[in-house]
A.B. asks: 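Quick one: structure below, then a few questions.
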Amino acid sequence: MSRPVEYAVAVDRYLSAASLGTNSRRIYRIALITWAWAMVDRTPPVGADRRNAVPPALPLALLDADHASPRLEKALAARSVVVGVRTANRELSILVGAVNWWRAQSWLTGDPTAGLRPLPLPKPPADGARIDTLQVRAILGLPTSLREQTFWHLLYESGAPIERALALDVDDLDMPGRRTLQRADPPVHWGEGTARLLPLLVLGRVDGPLFTTSRGRLSYRRAAEIFSAATGPLDPRGRGWALRQLLAAGRGRHLLNNALACGTGGLWPRATVAERRGDRIAGSASVVEGVSCPRFARARLRWS
C-alpha cells in the first residue's frame with residue numbers, strides 16, 4: 001500500500017482497516033481529526049463550533065517532525081482541561097493505535113507518541129460516604145428518565161466499570177442471556193431490573209450507542225452530573241452521591257453474595273443471599289477479603 005501524503009487520507013485508511021463498529025469509527029475519526037489541530041499548534045473547536053469547523057490539511061510526514069511530540073504533549077494537557085482527563089486519555093489512546101498502524105505500514109519512521117503517557121485521573125473526594133441497601137432501593141425507585149434508570153440498574157447489578165457501561169452499543173447485547181456478547185472483553189452480566197428495562201430502552205433500535213443524548217453517546221461527565229443532582233434529596237449531606245458509590249454498593253453486594261454462596265455450598269441464589277441476610281451491603285467487600293472461592297475470584301477479575 002502506497003504511503004499517503006495527507007494526514008486525512010492516512011486516517012481514512014486506518015479506519016477502513018480497523019475492526020470497528022459504525023459509531024466507534026465515528027468516535028475514532030473525531031478524535032484523530034482533533035489531533036490534526038494540535039499538529040498545527042491550533043486549539044480544536046468544541047461544542048457547536050466543531051460542527052462547521054474545517055480541520056486543517058496537513059501532511060502525514062508532519063508527525064515525523066521534531067516538534068510533533070512536544071506539540072502533542074502540550075495539546076494533551078490543554079485538551080484535558082476542556083473535555084476532562086478521561087476523554088483526553090481516550091483520544092490519546094486512539095492516536096497511539098493509529099500511529100502504531102501507520103508505522104507498521106512504514107508510513108512513519110518515528111513515534112511522536114512514544115513519550116506521552118495517560119494523564120492521572122483526578123482523585124475522588126475522600127468523604128467515605130457509603131450507600132446502603134435501603135438507599136440503593138430509593139435511588140432505583142426515583143422518578144427519572146428510562147435511560148437513567150436503565151443505566152443505574154446496569155451499574156448496580158453488573159458491577160461493570162462505568163466507562164465500559166457507557167461505551168456499550170445496542171448490538172453488544174444478548175438480551176435472552178442477560179449479558180453482553182463476548183468479544184474482546186469478558187461479558188457484562190445483569191439482573192432482573194436491567195432485563196426489565198433494556199427492551200424498553202432499545203425499542204426500535206438495532207445498533208448505535210446504548211445510552212444516548214440528542215448529540216450522541218452519553219458522556220461520563222453528563223451521567224455523573226445527572227446522578228448527583230437526582231440523588232441530592234436522598235443524600236443526608238444534601239450533596240448527592242457519585243456514580244462510583246452506586247457501583248461500589250453493587251460490587252459489595254456481589255462479593256458478599258458470592259462469599260456466602262461458597263460458604264453454603266452454593267445453595268443460595270446469588271441474587272438473594274445479601275437481601276436474606278439483611279446486611280448493610282455497601283463497602284462490605286472487606287468482609288470477604290480473605291475468602292478462597294473460585295466464584296469470588298471471578299467476580300474480582302471482571303472488575304479489574
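Residue numbers start at 1 and run along the sequence shown. Remember, it's a predicted structure, so these values are computed and weren't measured experimentally.
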A.B. asks: Using a 3.5 Å distance criterion without hydrogens, assess whether the side chain of D169 forms a donor-acceptor pair with backbone atoms of D207.
C.D. replies: no

A.B. asks: Side-chain contact test, heavy atoms from C-beta onward, threshold under 4.5 Å: evaluate it for I94 versus W35 and give yes or no.
C.D. replies: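 I94 vs W35: side chains apart.
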
A.B. asks: What heavy-atom pair brings F227 and A242 nearest, and what distance separates the two atoms?
C.D. replies: CE2-O, 3.4 Å

A.B. asks: Please identify each residue that fulfils side-chain contact (heavy atoms from CB on, under 4.5 Å) with P4, with sequence neighbours left out.
C.D. replies: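 Listed in chain order: V9, A10, R13, L60, W107.
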
A.B. asks: Only counting residues at least two apart or in another chain, list the ones meeting salt bridge (Lys or Arg N to Asp or Glu O under 4.0 Å) with R222.
C.D. replies: E225

A.B. asks: A88 and L76: which non-hydrogen atoms are nearest, and at how many Å?
C.D. replies: O-CD1, 3.7 Å

A.B. asks: Taking the side chain as C-beta and beyond, is there a heavy-atom pair between W152 and L246 under 4.5 Å?
C.D. replies: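 Side chain of W152 against side chain of L246, heavy atoms only: contact under 4.5 Å found.
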
A.B. asks: Could you pull out all residues at least two apart from D12 that satisfy salt bridge (Lys or Arg N to Asp or Glu O under 4.0 Å)?
C.D. replies: R29

A.B. asks: Is there side-chain contact between L72 and L95, with at least one heavy-atom pair below 4.5 Å?
C.D. replies: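 In short, these two side chains touch, coming nearer than 4.5 Å.
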
A.B. asks: Is there side-chain contact between T150 and L210, with at least one heavy-atom pair below 4.5 Å?
C.D. replies: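 Result no, sub-4.5 Å side-chain heavy-atom pair not found.
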
A.B. asks: Show, in sequence, the C-alpha distance, side-chain angles and deciding distance for L234 and Q135, and conclude whether the side chain to side chain contact (heavy atoms under 4.5 Å, CB included) test is met.
C.D. replies: CA-CA 7 Å; L234 301 177; Q135 290 169 329; over 6 Å; no

A.B. asks: Show me the pairs that pass side-chain hydrogen bond (donor to acceptor under 3.5 Å, both in side chains) and involve residues 191-205, at least two apart or across chains.
C.D. replies: E157-T194

A.B. asks: Please check this pair: side chain of R117 against backbone of A114, looking for a donor-acceptor N/O pair closer than 3.5 Å.
C.D. replies: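 Looks like yes, one N/O pair under 3.5 Å.
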
A.B. asks: Roughly how far, to the nearest 0.5 Å, is CD1 of I27 from CG of L15?
C.D. replies: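 Going from the CG atom of L15 to the CD1 atom of I27 covers 12.0 Å.
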
A.B. asks: Is any side-chain heavy atom of L58 closer than 4.5 Å to one of W37?
C.D. replies: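 No - every pair of side-chain heavy atoms lies 4.5 Å or more apart.
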
A.B. asks: Dump the intermediate steps for side chain to side chain contact (heavy atoms under 4.5 Å, CB included) on W102 and L63, then the final yes or no.
C.D. replies: CA-CA 11 Å; W102 292 331; L63 288 172; 3.6 Å; yes

A.B. asks: Is the number of heavy atoms from other residues, nucleotides or ligands within 6.0 Å of CD (Q105) greater than 12?
C.D. replies: yes

A.B. asks: If I take atom CZ from residue R25 and atom OG from residue S19, how far apart are they, to the nearest 0.5 angstrom?
C.D. replies: 8.5 Å

A.B. asks: Contact between R26 and L20 at the side-chain level, heavy atoms closer than 4.5 Å - yes or no?
C.D. replies: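 Not in contact.
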
A.B. asks: Would you compute the distance between atom CZ of R164 and atom CG of L154 and round it to the nearest 0.5 angstrom?
C.D. replies: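 R164 atom CZ to L154 atom CG measures 10.0 Å (nearest 0.5 Å).
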
A.B. asks: Say you draw a straight line from OG1 of T144 to CD of Q149; how long is it, rounded to the nearest 0.5 Å?
C.D. replies: 6.5 Å

A.B. asks: If hydrophobic clusters are built by linking Ile, Leu, Val, Met, Phe, Trp and Tyr wherever their side-chain heavy atoms come under 4.5 Å apart, do Y28 and I33 end up in the same one?
C.D. replies: no

A.B. asks: When rounded to the nearest 0.5 angstrom, what distance separates CD in E163 from OG1 in T87?
C.D. replies: 9.5 Å

A.B. asks: Calculate, to the nearest 0.5 Å, the distance between atoms CD and CG belonging to E6 and L62 respectively.
C.D. replies: 13.0 Å

A.B. asks: Indicate the atoms forming the closest heavy-atom contact of V85 with L119, along with that distance.
C.D. replies: CG1-O, 3.6 Å

A.B. asks: What I'd like to find out is whether the side chain of H153 reaches to under 4.5 Å of the side chain of W190, using heavy atoms alone.
C.D. replies: no

A.B. asks: Might you point out which heavy atoms bring L116 and S69 nearest each other, and give the distance in Å?
C.D. replies: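 Heavy-atom minimum between the residues: CD2-O, 4.3 Å.
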
A.B. asks: Over all heavy atoms of both residues, which pair between P161 and R251 is shortest? Give the atoms and the distance, please.
C.D. replies: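 Nearest pair, atom of P161 first, then R251: N-NH2, 3.8 Å.
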
A.B. asks: Quick one, T231 and Q245 - any side-chain contact, counting heavy atoms below 4.5 Å?
C.D. replies: no

A.B. asks: Is it true that M175 and L200 fall in one hydrophobic cluster, defined by side-chain heavy atoms closer than 4.5 Å?
C.D. replies: yes

A.B. asks: Does T213 have any side-chain contact (heavy atoms from CB on, under 4.5 Å) partners at least two apart in sequence or in another chain, and if so, which?
C.D. replies: R147, R215, L218

A.B. asks: Check for a donor-acceptor pair, side chain of R71 on one end and backbone N or O of A38 on the other, with a separation under 3.5 Å.
C.D. replies: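 Judged by distance alone, no pair lies under 3.5 Å.
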
A.B. asks: Linking I/L/V/M/F/W/Y whenever their side-chain heavy atoms sit closer than 4.5 Å, directly or via other members, would L146 and V170 fall into one cluster?
C.D. replies: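 Yes, it is one cluster - the side chains of L146 and V170 are joined through contacts under 4.5 Å.
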
A.B. asks: Please confirm whether the backbone N or O of T109 pairs with a side-chain atom of D64, one donor and one acceptor, at under 3.5 Å?
C.D. replies: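 Judged by distance alone, yes, a pair lies under 3.5 Å.
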
A.B. asks: What ring pair (Phe, Tyr, Trp, His ring centres under 6.0 Å) pairs are there with at least one residue in residues 197-216, not counting sequence neighbours?
C.D. replies: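 Every pair satisfying ring pair (Phe, Tyr, Trp, His ring centres under 6.0 Å) with a residue in residues 197-216: F151-F211.
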
A.B. asks: Using every non-hydrogen atom in the two residues, find where L155 and A160 come nearest and quote the distance to one decimal.
C.D. replies: CD2-O, 3.7 Å

